[in-house]
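Note that these values count all heavy atoms, side chains included, but never hydrogens, waters or copies made by symmetry.
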Amino acid sequence: QVHLVESGGGLVQAGGSLRLSCAASGRTVSTYDMGWFRQAPGKEREFVGAMRRNGGRTWLEDSVAGRFSISRENAKEFMALQMNSLKPEDTAVYYCAVGARVIDLSNQDDYDYWGQGTQVTVSS
């Protein structure tokens, strides 16, 4: 079992920045691929970005590429989503997730464990 806890959400004005954290416990996440997803009110949960277990290259959804970045510190069981130049359309509950055998990083069904989510609200 892996327990994930997100933090760092809040209310920010358009153009501002937030850094979301995802702390893991239970089992080491260094052998898991990790991803970030979000769900806006009235919409389905969608892919934001992801990183493979060995770090390195990240994948970001087109609407956040250039504004968001992902990092992870396996030794500290910690992952982060840095969000810059935030827009009102980024308002959503953000989730981190990890999976042992993720084939498609953008497919939430491939992930095994999820955090409870953290609310991000961007005002115009």
K.L.:
Find out if a path of hydrophobic residues (ILVMFWY) with successive side-chain heavy-atom gaps under 4.5 Å connects Leu86 to Leu81.
P.N.:
yes
K.L.:
I'd like to check Asp112 versus Val2 (side-chain heavy atoms, cut-off strictly below 4.5 Å). Are they in contact?
P.N.:
no
K.L.:
For Ala24 versus Leu4, what's the shortest heavy-atom pair and its separation?
P.N.:
CB-CD2, 3.6 Å
K.L.:
Counting C-beta onward and ignoring hydrogens, is there a side-chain heavy-atom pair between Gln116 and Val5 closer than 4.5 Å?
P.N.:
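Heavy-atom side-chain distance check passes, below 4.5 Å.
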K.L.:
Distance check, rounded to the nearest 0.5 Å: Thr121 atom OG1 versus Gln13 atom CD?
P.N.:
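Interatomic distance, Thr121 OG1 to Gln13 CD, rounded to 0.5 Å: 13.0 Å.
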K.L.:
Could you give the distance from OH (Tyr32) to CZ (Arg52), rounded to the nearest 0.5 Å?
P.N.:
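Interatomic distance, Tyr32 OH to Arg52 CZ, rounded to 0.5 Å: 15.0 Å.
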K.L.:
Contact between Arg45 and Val93 at the side-chain level, heavy atoms closer than 4.5 Å - yes or no?
P.N.:
no
K.L.:
Tell me whether Val64 is reachable from Ile70 by hopping between hydrophobic residues (I, L, V, M, F, W, Y) whose side-chain heavy atoms are closer than 4.5 Å.
P.N.:
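As far as the 4.5 Å side-chain criterion goes, Val64 and Ile70 are connected within one cluster.
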K.L.:
Between Tyr111 and Ala50, what is the shortest heavy-atom contact and its length?
P.N.:
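Here Tyr111 and Ala50 meet closest at OH-CB, 3.7 Å.
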K.L.:
Residues two or more places apart in sequence or in another chain: which of them pass side chain to side chain contact (heavy atoms under 4.5 Å, CB included) with Ser25?
P.N.:
His3
K.L.:
Do the side chains of Arg53 and Val98 get nearer than 4.5 Å, heavy atoms only?
P.N.:
no
K.L.:
Give me the atom names and distance for the closest heavy-atom approach of Thr91 to Val122.
P.N.:
OG1-N, 2.9 Å
K.L.:
Side chains of Val120 and Asp90: closer than 4.5 Å at any heavy-atom pair?
P.N.:
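No, too far: nothing below the 4.5 Å cut-off.
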K.L.:
For a 4.5 angstrom cut-off between non-hydrogen side-chain atoms, does Gln39 reach Tyr95?
P.N.:
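Yes, their side chains come closer than 4.5 Å.
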K.L.:
I need the Asp104 CG to Phe47 CZ distance, nearest 0.5 Å.
P.N.:
8.0 Å
K.L.:
So which heavy atom on Ser85 is nearest to which on Ser17, and how close?
P.N.:
N-OG, 4.3 Å
K.L.:
Going through the distances and angles, do Met83 and Val12 end up as a side chain to side chain contact (heavy atoms under 4.5 Å, CB included)?
P.N.:
CA-CA 11 Å; Met83 305 185 296; Val12 63; over 6 Å; no
K.L.:
At what distance, to the nearest 0.5 angstrom, does CG of Leu18 lie from CD of Gln82?
P.N.:
8.5 Å
K.L.:
For residues Val102 and Asp33, report the shortest heavy-atom separation together with the two atoms involved.
P.N.:
CB-OD2, 3.6 Å
K.L.:
Scan Arg72, Glu73, Met51 and name whichever one has a side chain to side chain contact (heavy atoms under 4.5 Å, CB included) with Met79.
P.N.:
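For Met79, the side chain to side chain contact (heavy atoms under 4.5 Å, CB included) test succeeds with only one of Arg72, Glu73, Met51, which is Arg72.
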K.L.:
Would you say the ring centroid of Phe37 lies under 6.0 angstrom from that of Trp114?
P.N.:
yes
K.L.:
If you take all heavy atoms of Ala80 and Arg19, which pair is closest and at what distance?
P.N.:
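Scanning both residues, the minimum pair turns out to be CB-NH2, 3.5 Å.
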K.L.:
In Å, rounded to the nearest 0.5 Å, how long is the span from OG of Ser124 to NZ of Lys87?
P.N.:
14.0 Å
K.L.:
Atom OG in Ser63, atom CD in Glu89: separation rounded to 0.5 Å?
P.N.:
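Going from the OG atom of Ser63 to the CD atom of Glu89 covers 8.0 Å.
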K.L.:
Is there a donor-acceptor pair closer than 3.5 Å between any side-chain N or O of Glu6 and the backbone N or O of Leu20?
P.N.:
no
K.L.:
Taking C-beta and beyond as the side chain, do Glu46 and Arg38 meet within less than 4.5 Å on heavy atoms?
P.N.:
yes
